[in-house]
Structures are given as C-alpha cells and as structure tokens.
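Here's the structure, in structure tokens; my notes come after.
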Amino acid sequence: MGMYIRIADLKDYIGKQARIAGWLYHGRSAGKLLFLLVRDGSGICQCVVEKGKVHDDLFAQLDHLGQESCLEVTGLVRQEPRSPGGYELAVTGARIIAKAEGYPITPKPHGIDFLMRNRHLHLRSRIPWCIARIRHTVVDAIRRFFNDRGFTLVDTPIITTIAGEEVGSLFRLDYFGQPVALTQTGQLYLEAAAASLGRVYCFGPTFRAEKSKTRRHLTEFWMAEPEVAFINLSGLIELAEDLVCAIVERVLEDNHPELETIGADIEALARVSKPFYRLTYTQVADLLTSSKTQQFMQDQLQVLVARRSEITSRIAELEAVLAGSSKQWQRDKAAAELIELRSELADLELRIENNPKHAQLAAQFQWGKDLGGSDETIVSQMFDKPVFVTHYPRQAKAFYMRQDRSDPKVVENFDLLAPNGFGEIIGGSMREEDYELLAARMDQEGLKQEDYWWYLDLRRYGSFPHGGFGLGLERTVAWITGQRHVRQCIAFPRIMDKLYL
RNA sequence: UCCCCGAUAGCUCAAUUGGUAGAGCGAGCGGCUGUUAACCGCUAGGUUCCAGGUUCGAGACCUGGUCGGGGAGCCA
C-alpha cells in the first residue's frame, strides 16, 4: 500500500531498506546514540540513530523530539536481540511530519479519571491498543461463528417502540412527538426475523439507563444476539458453549502477544473447553445455602487474610527503604511497588470486609429471588470453567421467557457465568410460543397488549418453538483480557452519569 | 437512592499527625555509542478543589458544597 512499510511487516525486510511512518512512543538518548520507539498502529519499532549517520541538525531535532510527534523514518532493517521486537531500524534518514510538545500521558502510572478524560489520547497507549485488538478479534470471531452456521445477520432498529427489558432503564426520546426509546435488545424484532430466515443474529449497540455504577456496567454496550427457530433449551446452551469456545480459541490464536502484554491469564483461557458446567437455579440455590459454600467462603477469607499480612509486611519493608539512605533508583522502585501494593491492599481490605456479608447473603438465599451480584460472584469463583445456570423462577424473569411445561414455577432460560468471579456474560432463553400463556404473563407484568400487537402476531400466525441469547461484548472482552472494569473494553465508554468525551 | 474513601506541581504520590509544602516522572538545559519505565547533573513549575469556621498558627481539625473513585440494589 504505497510509500510506507507497516511495522508489523518489517520482519520481511531484514537486510533491506525500509521507510516507516508513525508516532514517537518513547525516545531515549545515550550520547551519540538515539533510541526512538516508533509506533504506527501495527506495532512498535525501535529506531536507532547514530550521530554522523544523519545530518547533525536532524540528529539534534530528533534528540529533542516530544513524545507522540509524528515522523517518517528510513533505514536498514536488521535483526537485533537487544531491541524489544527482536529487530530494529538503523536510521539513515528521517522527516518530522508534525511535532508534539508536552504530551500529557507519560509511560508512568496514571489515575483512571485522568486517563478517561484523555481517552482520545489514551487509546494510543499500549494496553488500550492491546484491548482494542482483542475486541476486534472477538467481534470477528462472533460474526464468523454465526455466518459459518447458516445464520443471517439482521440489523434491528436502535430507535424502538417497545421495551424488551425493564421499562425503568429506557433512554427515552421524542420522535417527532411520539415517545420512543433507544433499544435495550434486538430480541423482539429478531424473533420476527427468525420466522422469515430461521437462524438470525444481530450485533449492535444497546442502551440501558440503569443506575448501576459498577465495574460491570455501561449505559451503552454492544451485544451479539442470535435467535433460532426450531431449537430447544439444550441446543441453545450448546450453541452458547460453542460460541464462547470459538471466541476464546480465536483470541488465543490471534492475540497471544497482546494477551501477554496485558497480563491476561492465558492458562485459564486455555482451559476453556466443552463441556462447561451446567446447574439449575435450584441446584445453585442449594449450593449457596450449603455448608460447602460456607466452607469455601471461609477458605477464601483465610487466603485473603494471609495475602494481606504478606502485603502488609512487604509495605513495611518498602517504607523502610524509603526512609533509609538508599540510592535514588532503589527508592523509585520501592515507591512504585508501594503504590501498587497499597491499591491491592485496599482491594483486599474490601474483599475481606465483604466476605462474611456475602457468605451470609448466600446462606440466607431464598428460592425465588434472582441471583444477586455477590451470589453470582461466589458461584463463578467456585468453578474454573464457565457455568450455565438454568431454569430460573418465572416471577424473577422477563415476560417472554418460555414456561417450563414440566415445572411451571420455572422458565427455560440460562445465564452463562464466566469463571473466577467475572460473572454473567450471556443471558438467554426459549421464548414463550403459546399465545395464551404469553398474553397472561404480559397482563401480570402490566404490559399493554396493544403496544405489543405485532409481537403477539408472531404467536398468531404459525407460532414456532424458538429461543436465543445475548452476549455482552465488553463483559466478554473484560473477562478474556482480565480487565477489572468494562470501561476499558470499549473505545469511548458511556457509564452512568458520565460520558468523559 | 444508599454506604465507604479521596481531592496537594502537568502526572503519580509524600509531608514525622496543628508549626518554613517535598520527591519521582514529565518539561527545559547539559553529559554519556546499546538503551529497555535507561542513567547522572542543573533549572523552572504551587490560590494544597471551593466557601465559611476553630486556632497565635490549618494541606491536616469542624460545617456546607463541588468533583472523582469504589461498593450495594438492579442488570449483559
């Protein structure tokens, strides 16, 4: 593609001249040598400038070039074990395209608020770059998965006239005088499309005005939703299982370096394989109130407490280093570690404080309630692979979920909990295809049948067994990348009462 | 809506518990031919979030507010 070689392709040019263009990620000087780390979006390349090999005034300019300046570099590509990527560019020429001065984001720790207010620049940094690449792989894997299985993509509307989830979490809009809302799910429209195309899916943004200020919530997030005609619950669960396996497999294949850079738990990801665990809601309720769970929580508490004393004594050590008369660089290192340990300590304190509360909540769990956040966390911590939880109580779930004909108290639904405390990434169900049962359920929920007239029509004209699910993209990416907060997993996050940019 | 925590240099954090506001990074200048968050020396950089109050004296204590972080409920 023309004038420049992509840094990712430099390995094919060893021993040859190449010209790259990018931004200065980091510059160091060592006397008459300059090390310029240049990034171009495809990778990072160390460019070595030797005094005398370029004009002196260019050398001086490069020596004083600010981080994120845009430049073009020409040189000889050579293998070099001392270079971060294993090869480097021996610079013979360079052209500064645009200078940058006082770039605010340095290669040192920053607070989350600062980074999010500078998100437009933060995207250039290493970790957001890795996450963006992994997110891209996940999206592509999802599309391929469905396309390869005979699904047809149907783009459902973003402006909707009916609610699929809690009415309280709608973003309301005025549509030329008519009250409408931003979509919370494409599901209802997808059910209509499934009667035309059999297997369909949508993949787009969804909007929920939930007042949830947690690490698992965005007000605007992306969801992949398949809807399948002539399937049953176990078929649906298998589909979800295959999908998650396909996603994880692709990421392991395509993004190994990125996973390593961000410190994801690659071994845990490699363990993600069929079959996942399958539990009914009733089994989970029994598990939560069992002595096994209480024991698990106690064991966990002990581990946390042990880790706390470990950290506490390490902090004391580091504080002694800072108070003592050691070298500056030793003090710097100690200070950096101290910052990290203190935040881990704060996190531990919170978990230690919450542990008995959560244990108690679990012990007091009553059949009929929806699983709380802490219950979900406990269950997903108890398993090393994803867990399906099925057959929730009917009254805790949405009106469209199919009543289990062999046990009318529950519905044919499932949630998929990612392991190690990540919690729910998929929710799905068979849909009630019986007109009378659906209408009765809508009455119970206080939903007006005339608002849903076309949805009920689907049960009037050749009603068919069908079901589907929704996979939350950011939660999936957060789980795979090991990010604490979903807000790192979308380029421009929207969270409750904050847009940042 | 409720609970907890925080706000000090551009950034990340200190300040011996009420007694002269500091360090690293970043920025600027200089040194160094193999750096890996390089290193070494020098320089600049402050209305300690805002408004009141207590005090001889407040970054620290009290009241109110603003902003931010985390959690609960609810959810993907």
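Letters A, B, ... mirror the listed sequences (proteins, then strands); counts begin at 1. Here the structure is a predicted model, which means the values were calculated and not measured.
Heavy atoms of A/Gly423 sit nowhere under 4.0 angstrom from any nucleic acid atom. Across all strands shown, A/Arg484 has heavy atoms under 4.0 Å from sugar-phosphate atoms exclusively, and none from any base. If you check every strand for non-hydrogen atoms under 4.0 Å, A/Pro104 touches nothing. Nucleic acid contact for A/His110: sugar-phosphate only, since backbone atoms but no base atoms lie under 4.0 Å from a heavy atom of the residue. Among the atoms of the strands shown, base atoms are found under 4.0 Å from some heavy atom of A/Ser83. In this structure, A/Gly427 reaches the sugar-phosphate backbone alone: every heavy-atom distance under 4.0 Å involves primed, P, OP1 or OP2 atoms, never a base. Here A/Phe221 lies in heavy-atom contact (under 4.0 Å) with a base. Across all strands shown, A/Asp370 has heavy atoms under 4.0 Å from sugar-phosphate atoms exclusively, and none from any base. Within the 4.0 angstrom heavy-atom criterion, no nucleotide atom of any strand lies near A/Glu225.
Separating the P atom of B/U47 from that of B/G10 is a span of 8 Å, rounded to the nearest Å. Across the P atoms, B/G53 and B/G59 are found 15 Å apart, a figure rounded to whole Å. Remark: the separation of the P atoms in B/C40 and B/A21 is 28 Å, to the nearest Å. Spacing between B/U17 and B/U33 at atom P, rounded to whole Å, works out to 48 Å. Distance noted for atom P between B/A58 and B/U48: 12 Å (whole Å). The P atoms of B/C62 and B/G18 are separated by 11 Å, rounded to the nearest whole Å. One P atom belongs to B/C2, the other to B/C39, and the distance between them is 48 Å to the nearest Å. Distance check on atom P: B/C13 versus B/C49 gives 15 Å, rounded to whole Å.
Between the side chain of A/Thr293 and the backbone N or O of A/Thr289 there is no donor-acceptor pair closer than 3.5 Å.
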*asked:* Counting Watson-Crick and G-U wobble pairs with both distances under 3.5 Å, what is the dot-bracket string for RNA chain B, 5' to 3', using [ ] for crossing pairs and | for pairs to another strand?
replied: (((((((..((((.....[..)))).(((((.......))))).....(((((..]....))))))))))))....
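The side-chain hydrogen bond (donor to acceptor under 3.5 Å, both in side chains) analysis of residues 365-383 of chain A, with sequence neighbours excluded, yields the pairs A/Thr282-A/Trp367, A/Gln300-A/Gln381.
Under the 90° criterion around 0 for the glycosidic angle, B/U17 counts as syn.
Note that CG of A/Leu65 is 12.5 Å distant from OG of A/Ser29, once rounded to the nearest 0.5 Å. How far CG of A/Asp113 is from CG of A/Asn118: 9.5 Å, rounded to the nearest 0.5 Å. We find the OG1-CG distance between A/Thr206 and A/Leu473 to be 10.0 Å, quoted to the nearest 0.5 Å.
Regarding A/Leu115, its CG atom lies at a distance of 12 Å from the P atom of B/G69, rounded to whole Å. In this entry the distance linking CD1 of A/Ile495 with C1' of B/G68 reads 10 Å, nearest Å.
Proximity of A/Arg487 to the phosphate of B/G69: a side-chain N or O atom is located under 4.0 Å from OP1 or OP2. The side chain of A/His64 contributes an N or O atom lying less than 4.0 Å from OP1 or OP2 of B/C29.
Summarising the geometry of A/Gly43 relative to A/Ile7, their closest heavy-atom pair is O-CD1, 3.6 Å, with the distance given to 0.1 Å.
Checking A/His122, A/Glu258, A/Arg124 one by one against A/Trp129, the side-chain contact (heavy atoms from CB on, under 4.5 Å) holds for a single residue, A/Glu258.
Distances from the side chain of A/Phe114 to the nucleotides B/G73, B/U33, B/U12 place B/U12 closest. Side-chain proximity of A/Thr106 to the nucleotides B/G73, B/G26, B/C75 is greatest for B/G26.
Interface remark: the A/Glu101 side chain does not form any donor-acceptor pair with the B/G26 base, using a distance-only criterion of under 3.5 Å. You'll find a donor-acceptor pair under 3.5 Å spanning the side chain of A/Arg78 and the base of B/G34, going by distance alone.
Between A/Phe388 and A/Phe414, the two ring planes are perpendicular [angle over 60°; tilted spans 30° to 60°].
Per the stacking criterion (ring centres < 5.5 Å, plane angle < 30°), A/Phe35 does not stack onto the base of B/G34.
Checked by atom type, the side-chain pair A/Tyr400/A/Gln187 shows a donor-acceptor distance below 3.5 Å.
Residues A/Arg28 and A/Leu218 each lie close to RNA chain B; by heavy-atom proximity, the contact nearer the 5' end of the strand is made by A/Arg28.
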